[in-house]
Amino acid sequence: MKAIIYRDNGAPDVLRFVDRDLPAPGPGEVRVRVAVSGVNPTDWQARSGAGHPKRFSEITPHLDGAGTVDAVGEGVDRSRIGQRVWLFMAAAGRPTGTAAEFTVVPAAQAVPLPDEAGFDVGAALGVPALTAHRALTVAEDGPRRLRPGALDAKVVLAAGGAGAVGHAVIQLARWAGATVISTVSSPEKASLATAAGAHHVINYREGDPAAEIRAVAPDGVDIVAEVALGTNLALDVAVLRPRGTIATYANDGGRPVELNVPQNMVLNTRLQFLVLFTAGPEARAAAVEDVSAALRDGALPVGTEHGLPLVRFPLHRTADAHRAVETGTVGKVLIDVTP
Ligand SMILES: NC(=O)c1ccc[n+]([C@@H]2O[C@H](COP(=O)([O-])OP(=O)(O)OC[C@H]3O[C@@H](n4cnc5c(N)ncnc54)[C@H](OP(=O)(O)O)[C@@H]3O)[C@@H](O)[C@H]2O)c1
């Protein structure tokens with residue numbers, strides 16, 4: 001089979017397009033013929049080596065993807081062969097990610113894809129949707145699970161709503177009944193956040209974003225899903241309602257976090273940090289179930305008309321796909337692996 005591998009950490013040109021033997025699924029695993037591989041910032045961060053010690057001599061990158069089960073290991077129901085699936089965390093703690101014609105994952109990480117959902121949608125889910133689910137389910141007053149109505153009467157602020165995670169936050173929050181506000185940095189990104197389903201979109205680089213958010217949410221925001229905590233903490237606290245939650249999954253921009261302790265005490269702020277890998281199996285399993293329900297409801301479409309442009313590369317150009325993600329390409333970067 002054709003596969004992308006790297007042996008050393010470094011720039012995108014450490015990625016090589018090679019032939020490898022077909023992997024065999026072990027007990028409890030499935031082998032998936034990958035149709036589309038999804039690229040996330042964490043994939044290039046892992047490849048570059050920054051903060052990610054490499055654990056295997058050779059790695060095929062990428063956590064997310066979608067395809068068809070073509071073989072199962074011992075203990076896995078053979079009726080799964082032929083099932084269309086979306087994959088999450090394929091390369092987490094394993095050397096076999098989705099940037100290959102076939103990959104092998106634990107059976108629970110290959111989740112049935114409804115007939116009406118294409119492989120592009122499936123490959124875009126994993127990291128963004130599961131992260132968004134976690135951000136929306138860690139508030140003190142709940143909910144712990146998402147379903148239609150779960151966020152009724154809640155206000156969610158999706159920072160950076162034109163980003164892949166921000167897009168998933170908007171879609172899941174909207175599906176669950178929240179009033180959704182999103183911040184963006186340009187009119188083009190505002191169009192995307194609106195197309196994703198945000199009720200109110202605010203350019204955080206212009207005017208007085210806190211006043212604009214307060215104008216549409218006078219009682220404050222219940223949950224902030226934050227991508228740039230150091231830059232936005234003052235804004236988040238300015239618009240948070242008492243006992244509200246700031247759920248932060250990144251510190252894009254890298255600005256140090258300055259915490260005004262008395263102000264946060266008065267607000268009873270909950271500041272929740274999150275990363276998918278250590279969220280724990282129960283939280284991940286709940287997220288997979290709820291995201292699957294949203295998918296069945298047709299609530300997670302992708303493409304420019306739904307707020308997430310798709311930027312595609314063939315498998316042999318995976319290095320260019322990494323460069324695209326690394327340089328902040330707007331939308332979801334996908335790799336076409338097999339027809
Ligand atoms: N903790 C986790 O488990 C987890 C999971 C997924 C992703 N992440 C991390 O989350 C980050 C985003 O991932 P992604 O896939 O969504 O990337 P992406 O598609 O590139 O989106 C990043 C978005 O952040 C926005 N942004 C940057 N600074 C901002 C600011 N100050 N205020 C509001 N928005 C801002 C960007 O828009 P503008 O440039 O226009 O502002 C862009 O739309 C990455 O650092 C990634 O590594 C963490």
Side-chain angles (χ1 to χ4, degrees), residues 38-48 50-52 62-64 88-89 91-92 123-138 157-172 181-196 198 201-206 209-210 212-213 224-236 238-239 246-257 272-280 283-284 287 291 302 307-311 321-334:
V39 192
N40 291 283
T42 187
D43 296 317
W44 71 257
Q45 291 157 5
R47 185 217 68 227
S48 77
H52 296 259
H62 301 174
L63 297 164
D64 297 345
F88 66 94
M89 286 178 55
L125 286 175
V127 168
L130 301 181
T131 302
H133 183 280
R134 176 93 175 131
L136 293 169
T137 54
V138 289
L157 173 59
V165 180
H167 176 262
V169 170
I170 294 172
Q171 289 185 322
L172 283 174
I181 305 170
S182 185
T183 53
V184 295
S185 65
S186 68
E188 294 73 27
K189 289 186 174 180
S191 305
L192 294 174
T194 301
V201 181
I202 287 158
N203 188 328
Y204 70 85
R205 290 198 177 144
E206 289 176 349
E212 288 183 56
I213 293 169
V224 182
E226 185 53 78
V227 65
L229 188 67
T231 307
N232 290 336
L233 184 57
L235 170 65
D236 296 346
V239 301
I246 301 167
T248 186
Y249 56 89
N251 192 21
D252 278 10
R255 207 157 124 185
V257 175
Q272 171 81 47
F273 294 85
L274 55 106
V275 73
L276 203 51
F277 307 112
T278 52
R284 274 197 302 273
V291 166
V302 297
L308 193 68
L310 301 178
V311 182
H322 277 218
R323 287 185 192 97
V325 176
E326 216 163 329
T327 54
T329 291
V330 177
K332 186 72 206 175
V333 173
L334 297 177

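Atoms within each ligand, like the ligands themselves, are counted from 1 in listed order.
In terms of heavy-atom proximity, V39 sits nearest to A321 at CG2-CB, 4.4 Å.
For the pair M89 and R284, the minimum side-chain heavy-atom distance is below 4.5 Å. Looking only at side-chain heavy atoms (C-beta outward), E226 and Q272 stay at 4.5 Å or farther from each other. Annotation: side chain of D43 is not in contact with side chain of V325 (no heavy-atom distance under 4.5 Å). V138 places none of its side-chain heavy atoms less than 4.5 Å from the side chain of H133. Looking only at side-chain heavy atoms (C-beta outward), P128 and D64 come within less than 4.5 Å of each other.
Under 4.0 Å from any atom of ligand 1, one finds heavy atoms of residues P41, Q45, V127, T131, G160, A162, G163, A164, V165, T183, S185, K189, Y204, V227, A228, T231, N232, Y249, A250, D252, L274, V275, L276.
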